[in-house]
Amino acid sequence: MNPRLRHWREAASVLLAAGKPERRSLSPLGPCDYEVLFLQRSSRSGFMPSAHVFPGGLVEAADFSAEWLRLLPASPRCGLGAVRPPPPGSSRAPLFATDRQQLGSPLPGEVAFRICAIRETFEEAGILLLAPGGGPREGNGPAPSLPAEQSLSAAELGEWRRRVQEDPACFLQLCRHLGRVPNIWALREWSNWLTPVGRAGRGGRRYDTAFYLCCLETRPPHTSQDDQEITAFLWSSPPEAIERFKSQEIWLAPPQFYELCRLCNFSSLNDLHKFNSDRALEGCERWLPVTLTAADGFIQLLPGDELYPEDPDYTGEKKITMSTDKTVEDLMKEGSIFHRIVIKNTNSLAVYVNIQAKYKHMNPLMINTDSSNYNSRL
């Protein structure tokens, strides 16, 4: 962990995708042969209560334990591939660029954040993303789930889950017990989001979150909520999840909605896996959404948008607010360079992007869950 951070707590999350049974698509966006796991947060949660989110949570000291080096390969970065230098004028996201050895940890941040995401997936959803020790498996396809013969009985699984929830250090003990390691090689770097200044949780908490993508070669594994932090789970294709959001069956925060719109570019799990396996070698950009308050809604501006501030207020100490008397429609008609999420109300979001994507990423499909339409200028 990084004790130098005053304004954010480091976290990790995983977009977990798995093949789905053949059935008719419920979305006008068309068929999709995979589903993504969503977990519904408790209504008592101090941050995004009742939201449907991807598995993940805060990084713990146990995720950086040197004891992991006794289980993981000794090669540089524990067998993870190197990330290429960022493009000219850009920089590696600080979450990943920080030298963890200077902070007293022998474990690279890229390893610890993956361990965190895998541990949290087990705590919240009961899913074990593990692999045999010794390094990444051969082959370039989606990752296998833990083989059934290596799994624990339901009672044993429940007991280990309870222990890990109470003490994250028990996750390492579980891996030793099974003779397995966290499958850090199946998680590919996807994005990095900072909580906006005005969206802090209870106690002013904000999060610097690493988002990973993990594609499983099998159908969705057995999943169960913990009935504490998580009250329900949902496996859904990205297009169908957007339809559920539009009909107010579920609620998604803007980053999750944005990432779903990205996933909607891919109807095939194999295509998604291949794309991100190549793309992840480029790293990713850190994004701090900046909120512009309009007369009839809000716009979350992202880097590259023509209205994005040159010197954004990362910490909130400057007390900078952006507001206008203009309507959202006026702002859209006047603009020409967009990287933004338009928010009319909690279930009315729209993504507008026409900038060149960086880091070999793919821009999200421009999906509007509101009847208003500003696409005429795009």
Side-chain angles (χ1 to χ4, degrees), residues 10-17 34 36 54 56 75-100 107-118 135-137 139-143 183-194 208-215 238 255-256 258-289 302-305 308 312 314 337-341 351 353-366:
E10 293 176 322
S13 184
V14 59
L15 286 69
L16 189 60
Y34 64 93
V36 176
F54 307 123
S75 58
R77 294 161 49 87
C78 298
L80 292 173
V83 176
R84 299 186 183 105
S90 301
S91 60
R92 184 93 165 107
L95 183 76
F96 303 112
T98 299
D99 186 345
R100 302 289 161 167
L107 206 63
E110 296 98 324
V111 175
F113 296 136
R114 284 171 168 85
I115 291 174
C116 169
I118 292 169
R137 72 184 183 103
N140 298 316
N183 194 350
I184 60 173
W185 312 282
L187 274 64
R188 310 296 172 93
E189 193 171 314
W190 183 256
S191 59
N192 175 208
W193 291 82
L194 283 174
D208 188 353
T209 305
F211 281 67
Y212 294 98
L213 174 69
C214 176
C215 295
Q256 281 75 18
Y258 183 102
E259 297 298 7
L260 278 181
C261 292
R262 264 183 171 168
L263 293 180
C264 283
N265 285 290
F266 304 92
S267 60
S268 162
L269 180 67
N270 284 329
D271 288 347
L272 173 62
H273 174 76
K274 185 179 185 304
F275 166 78
N276 199 49
S277 295
D278 297 334
R279 194 224 60 78
L281 300 176
E282 307 295 324
C284 65
E285 186 178 16
R286 179 176 72 170
W287 284 349
L288 169 69
L302 294 167
D305 191 284
Y308 195 80
Y314 279 93
I337 302 175
F338 299 139
H339 191 197
R340 58 183 64 173
I341 305 171
V351 174
V353 188
N354 61 7
I355 64 169
Q356 179 66 41
K358 293 184 179 180
Y359 297 85
K360 292 191 176 180
H361 230 311
M362 188 174 288
N363 282 335
L365 292 185
M366 290 188 286

K.L.:
Counting distance only, does the side-chain N/O of Arg188 pair as donor-acceptor with the main-chain N or O of Trp185 below 3.5 Å?
P.N.:
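Yes; judged by distance alone, with no hydrogens or angles, the pair exists.
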K.L.:
Relative to each other, are the rings of Phe266 and Phe275 parallel, tilted or perpendicular (30° and 60° limits)?
P.N.:
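Tilted.
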K.L.:
Run the salt bridge (Lys or Arg N to Asp or Glu O under 4.0 Å) test against Glu110 and tell me which residues pass, sequence neighbours left out.
P.N.:
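Listed in chain order: Arg77, Arg92.
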K.L.:
Please round to the nearest 0.5 Å and tell me the distance separating atom OG of Ser191 and atom CG of Leu15.
P.N.:
7.0 Å
K.L.:
Enter the distance from Leu213:CG to Leu16:CG here, rounded to the nearest 0.5 Å.
P.N.:
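If we round to the nearest 0.5 Å, Leu213:CG and Leu16:CG are 9.0 Å apart.
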K.L.:
Which value, rounded to the nearest 0.5 Å, describes the distance between Phe113 atom CZ and Glu10 atom CD?
P.N.:
4.0 Å
K.L.:
Under the rule for salt bridge (Lys or Arg N to Asp or Glu O under 4.0 Å), what residues qualify as partners of Asp278, not counting sequence neighbours?
P.N.:
Lys274
K.L.:
Do Ile118 and Val14 have side chains that approach each other closer than 4.5 Å (heavy atoms only, starting at C-beta)?
P.N.:
no
K.L.:
Which of parallel (below 30°), tilted (30 to 60°) and perpendicular (above 60°) describes His339 and Tyr258?
P.N.:
tilted
K.L.:
Where do Ala17 and Leu269 come nearest, in terms of heavy atoms and distance?
P.N.:
CB-CD1, 3.8 Å
K.L.:
About how many Å separate CG of Asn192 and CG of Leu288, when rounded to the nearest 0.5 Å?
P.N.:
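Atom-to-atom, Leu288:CG and Asn192:CG are 10.5 Å apart.
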K.L.:
Which residues pass the salt bridge (Lys or Arg N to Asp or Glu O under 4.0 Å) test with Glu259, sequence neighbours left out?
P.N.:
Arg262
K.L.:
Work out which heavy atom in Gly283 is nearest to a heavy atom in Arg279; give both atom names and the distance.
P.N.:
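Heavy atoms of Gly283 and Arg279 come nearest at O-NH1, 2.7 Å.
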K.L.:
Does a side-chain heavy-atom distance below 4.5 Å link Leu263 with Tyr34?
P.N.:
yes
K.L.:
If you take all heavy atoms of Ala82 and Leu281, which pair is closest and at what distance?
P.N.:
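Nearest heavy atoms, Ala82 then Leu281: O-CD2, 4.0 Å.
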K.L.:
Checking Arg114 now: which residues fulfil salt bridge (Lys or Arg N to Asp or Glu O under 4.0 Å) with it, not counting sequence neighbours?
P.N.:
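For Arg114 there are no salt bridge (Lys or Arg N to Asp or Glu O under 4.0 Å) partners, ignoring immediate neighbours.
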K.L.:
Contact between Pro303 and Trp287 at the side-chain level, heavy atoms closer than 4.5 Å - yes or no?
P.N.:
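Contact flag for Pro303/Trp287 side chains = yes.
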K.L.:
The criterion is side chain to side chain contact (heavy atoms under 4.5 Å, CB included); which residues satisfy it with Ser91, sequence neighbours excluded?
P.N.:
none
K.L.:
Does Ile355 reach the side chain of Ile337, with side-chain heavy atoms less than 4.5 Å apart?
P.N.:
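Yes - at least one pair of side-chain heavy atoms lies under 4.5 Å apart.
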K.L.:
If we only count heavy atoms from C-beta on, is the Leu272 to Cys215 side-chain gap below 4.5 Å?
P.N.:
yes
K.L.:
Would you find a donor on one side and an acceptor on the other, under 3.5 Å apart, between the side chain of Glu285 and the backbone of Tyr359?
P.N.:
no
K.L.:
Please name all residues satisfying ring-ring contact (aromatic ring centres under 6.0 Å, His included) with Phe96, sequence neighbours left out, ordered by chain then number.
P.N.:
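Listed in chain order: nothing, the list is empty.
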K.L.:
With rounding to the nearest 0.5 angstrom, report the CH2 to CG distance, Trp193 to Asp208.
P.N.:
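With rounding to 0.5 Å, CH2 (Trp193) is 13.0 Å from CG (Asp208).
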K.L.:
Are side-chain heavy atoms of Ser90 and Lys358 found at a separation under 4.5 Å?
P.N.:
yes
K.L.:
Within the distance-only criterion (no hydrogens, no angle test), does the side chain of Asn363 pair as donor or acceptor with the backbone N or O of Asn354 below 3.5 angstrom?
P.N.:
no
K.L.:
If you compare all heavy atoms of Val351 against all heavy atoms of Val353, which two are closest, and at what distance to 0.1 Å?
P.N.:
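Minimum heavy-atom contact is CG1-CG2, 3.6 Å.
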K.L.:
Just verifying a value: how many Å separate Cys116 SG and Tyr212 OH, rounded to the nearest 0.5 Å?
P.N.:
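Spacing of SG (Cys116) from OH (Tyr212) equals 9.0 Å.
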K.L.:
I need the minimum non-hydrogen distance between Leu107 and Cys78, along with the two atoms involved.
P.N.:
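Looks like CD1-SG, 4.4 Å.
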